[in-house]
Every structure is written in C-alpha cells, then in structure tokens.
Amino acid sequence: MKKILIGVVVILGIAALAAPFGCGLVMERIVRDAFVNLNVMYAKSGHDIIAEIVRYDRGYSSSEIEWKIKIGKMKALYGVDEVVFIDRAEHGMSGILSKTSLEKNPWYTDFVKNKLAGKDPLHITTNYKFAGGVEVTAAVDTFAIQTDNKNFTIKPGKIVVTCDKEFKKFTSEASWEGMAVAEQLSIGGVSLQSALTMISPYIWDGNVSIVLQSTQIVEGAETFDLANLKVLYTLGYDKELNTLSAKAECGVDSLSFGPDKISKFFTRIGISGVDAKGYEEFMKLYTTTVGAVLGEITAAKDDTEKMKLALEKKMAAVGFQIVAASEKLLTKGLELQISDLHLELPDGKISADATVSLKKNMTFAQFIPIVGQPALALEIISLKTNVNLPEKLVGDAPMLFAPIYPGMQTGLFVKNGQAVLHKAETRDGKLFLNDKELVL
C-alpha cells in the first residue's frame, strides 16, 4: 500500500513539474494557429496586412514572443510601416496569461517619454484558453497631454475581446469614462457590447450595442449637448436565401444646440434582401480600390500634384467596375426601411415611417426611362410612407397642401386638426397619395 501511495505521489509530482512545460507547448500551438487564422482572414478580405512571429522563445515556466503586424498600404493613414509587440507569458497550472508591451516601437516610446513623463498608460493582457480560445484585455489609465495650447484629458477605459480557436465567433465588452479637451469638449460614459459570428471577412451575423451617456461641445456662446445616446446594430445572414440584412436602432434622450432642442428621438433604419454574393464582390472591389489609392498616396509622398493625377487615373480605371459591381446589389426583394421615427420638439411631436423595395432585378440603365414615363416606376418599386407633423412646425406653406402635379388630387400633405399628415402607398400597380389615387 505504501508503495502505491509513494508511486501516486511521485506521479503527481512529475505531473506538477511537467505542467508548466506542457502549458508552454499548448500556448505555442494556440499562438501559431491564431496567426495562421489571422493572416487567412486578412488575405480573404483583400488587405495586404500581415501578422508575423519574429521570435518565439519558449522556456520551462515562461515564454517571450516578439511579433509584428505589417500594415501595408495602410501606412498612408497611420504613418508607420508596422507595429511590434512583445508578449511575456507565464505558464500557469490553470491557464496561460501573457502581458503585451509596445516597447519596441520608437513612435510609441517617444510619445510616452515626451508627452506622458515616461508613464505608460496602456496595459494589454492575453489569456490563452486550453480549449483554443483567446481573451484579450486592453486597459488604459487616465492621462493628460497638451498640444496646440489645449489640454487633453483621457479618462480610464477597458475593452475585453474574446474569440474561439477558429476565429469565427467574437464577443467584446468595453467601457470608457470619456475625455475632455479644455473647456471645449467633454465626452462621458461610453460602453460597448457585441457578439458577432464571421461568415466571411465581409459578412457577419450578430449585434453591436453602443451607449454614450453625454457629450458637450462649446463653440463661442453656443453649446451643443447630447444626453444618453443608444445605438443597436443588428447584422443578419440568411444562409438559405444567401441574403443579408442590417438594422440600426438609434435613440437619444435629448439633443440641443443653443436654444434649439430635440427630445426623445428614436428611429430604426434597416436594409434587407441584400444579395450576399453581390455584396462580397462589391466589397472585394472596394477594398482593392482603397488599397490601390492608399498605395498611390504613399508613393506620391508630399507631391500633391502627382498624387492628384495618380488618383484621377486610378478612379477612371475602376469607375465602371464599381458601377457594375453596385448593380449586382439591385435585386428583387432589396428593401430600405425607416421605421418608428419619432421625436419631440417645442412645437410638438413628429413621427414617420418609410419603406421602399425593388419588385424585380434592375440595372442603373433600366431606371432611365422613368424620367419620361414615371408610371414605369410602379412596375419597379414598392413604396409606403407615413409622416405626422405638428401644424405649428409647418406654418404657412401652401405648396405643401396644393396639388403640384396634374395627376394629384391632394397636396403632399393634408391637415387634420392640429396635425399635418402625409401618406403614400403603392397598391395593385397604382400609387395612392393621402388615400387618393395619383395618376402618373
């Protein structure tokens, strides 16, 4: 019995001693797989961004990795060729935690030294999960800088991003206390949450929500104030129909600029029935075009005239391609919506809805005959709109209430008590305006 116990103790001891080394092996596999997946995603999206492991020093209980991201043509925007990272990881029994430093980037270290008195406010940690997922946390401390005789104060913030080992499912959660620029600008209380699944580098399914508690901008004697902005983005992919949809819900408790004030603003803006294949082709062309333009900007450097000529030549070359790619999005079922729009003004409440959809596949050229034969639009477009305005807001505007087209039986709007109404709808190949047929 004693021998068995001794054997178990020895085995457990060996396992405990070997655990850090084993964790190091697991981490290296996860890291190298992550870089492969990341580069595949960049390549499929048409970006010339490359993530590269420069050095991987794996030890018994810790590892140090030097890696970098080459940003390619994006240099024209950011002014640097690459960003270098140093990860220092500890091989723990329950997981692997790595701390990331930007110490190898002169542009960053100079900024910290000269602007922040040598105190680095950025803290990045990565938790490598044994199942293959990764969780990255980036936090920033409060710091202040002065530029152009203005004091900038950046308040604390943190973002946590997780993804699975296939780089398909991403979640994020962020909070930021805001910033202030002298007495001219203040932003307070920003939060973000998202849960997204990547169908392709251009197609995502899921939602993103953003909340901004307050913003104030002072311009001379005027002050702009925004309170409690909430935005929810919902992205959808229908695999069976191979179509995309996107919806944004936006709400604000109050918005004012000087004496003008809007209260309780809310609206939904959406698009559905987007052909997924056509959208991908358009985005690939767009990304390639933007990359080429950025390349021309980089090549031209400070020569404005050379840059202008290069951009004109590039846009002339791809202009027709972009138009052709855009036409592939004009498919039957494509629908644009503005729904549940409402807001309160000192003169009263406003509400509105609008829906426009295509009844068949179209090209831009097929829209041209509508100019001379407007009745053709009824074969192409389905329309429904509703608007409700306070009469005080419209005031004396006879053009809104009188027919302005021979086939109209009413004006664009009609009066109803203290309200001004508009209603338009296509039904059975006819257009009705304020419940009266409008003959095109």
Side-chain angles (χ1 to χ4, degrees), residues 222-232 246-273 333-359 362 367 369-440:
E222 301 289 345
T223 300
F224 169 86
D225 278 295
L226 180 148
N228 203 26
L229 167 66
K230 296 180 180 180
V231 182
L232 172 63
K247 181 174 66 176
E249 296 183 4
C250 179
V252 175
D253 282 357
S254 65
L255 177 67
S256 63
F257 186 73
D260 301 318
K261 184 176 182 179
I262 296 173
S263 301
K264 298 180 180 179
F265 169 82
F266 180 85
T267 190
R268 293 185 180 93
I269 302 174
I271 183 170
S272 60
L334 177 67
E335 184 173 277
L336 302 175
Q337 290 183 339
I338 299 175
S339 61
D340 201 21
L341 185 153
H342 59 264
L343 64 150
E344 294 183 11
L345 299 173
D347 289 330
K349 297 180 180 180
I350 296 175
S351 63
D353 297 278
T355 301
V356 181
S357 60
L358 283 179
K359 299 169 69 172
M362 293 292 292
F367 283 102
I370 295 177
V371 177
Q373 304 176 65
L376 293 177
L378 300 176
E379 301 175 8
I380 299 169
I381 296 172
S382 176
L383 170 72
K384 188 173 184 179
T385 60
N386 288 282
V387 181
N388 188 320
L389 303 173
E391 186 179 17
K392 288 182 181 179
L393 185 66
V394 175
D396 184 20
M399 288 291 291
L400 294 178
F401 305 103
I404 57 175
Y405 183 81
M408 294 174 64
Q409 300 184 53
T410 73
L412 292 174
F413 289 85
V414 294
K415 293 183 179 181
N416 183 12
Q418 300 298 313
V420 174
L421 307 179
H422 161 86
K423 181 180 179 182
E425 183 179 8
T426 56
R427 297 197 309 264
D428 303 322
K430 299 178 181 179
L431 174 62
F432 293 86
L433 175 63
N434 299 318
D435 295 320
K436 303 289 185 180
E437 184 179 357
L438 194 166
V439 181
L440 297 174

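A donor-acceptor contact shorter than 3.5 Å is absent between the side chain of Ser382 and the backbone of Ser357.
Annotation: side chain of Ile262 is in contact with side chain of Leu345 (closest heavy-atom distance under 4.5 Å). Counting heavy atoms from C-beta outward, Glu222 and Pro259 have side chains that approach closer than 4.5 Å. Proximity of Phe266 to Lys230: side-chain heavy atoms (C-beta onward) are nowhere separated by under 4.5 Å. Side-chain atoms of Leu334 and Ile271, non-hydrogen and from C-beta on, do get closer than 4.5 Å to each other.
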Name every donor-acceptor pair, under 3.5 Å, that has one atom in a side chain of residues 399-415 and the other anywhere in the protein, sequence neighbours excluded.
unit_1, atom_1, unit_2, atom_2, d
Gln409, NE2, Glu437, O, 3.0
Thr410, OG1, Asn434, ND2, 3.1

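Rounded to the nearest 0.5 Å, atoms CG (Leu383) and NZ (Lys359) are 11.0 Å apart. The NZ atom of Lys384 lies 5.0 Å from the CD atom of Glu425; values are rounded to the nearest 0.5 Å. Distance check, rounded to the nearest 0.5 Å: SG of Cys250 to CZ of Arg268 gives 12.0 Å. The NE2 atom of His342 lies 10.5 Å from the CG atom of Asp353; values are rounded to the nearest 0.5 Å. Rounded to the nearest 0.5 angstrom, Leu226 CG and Asn228 CG are separated by 8.5 Å. One finds the CD1 atom of Ile381 at 7.5 Å from the CE atom of Met362 (value rounded to the nearest 0.5 Å).
Residues Ala227 and Val252 approach most closely at O-CG1, 3.6 Å, considering heavy atoms. Across Lys261 and Ser254, no two heavy atoms sit closer than the pair CE-CB, 4.0 Å. Ile350 and Pro390 get closest at one heavy-atom pair: CG1-CD, 3.8 Å. Val420 approaches Glu391 most closely through the heavy-atom pair CG2-CA, 3.8 Å.
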side-chain contact (heavy atoms from CB on, under 4.5 Å) between Lys430 and Val439, worked out = CA-CA 8 Å; Lys430 299 178 181 179; Val439 181; over 6 Å; no

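Asp435 is linked by a side-chain hydrogen bond (donor to acceptor under 3.5 Å, both in side chains) to Lys423, counting only residues two or more places apart in sequence or in another chain.
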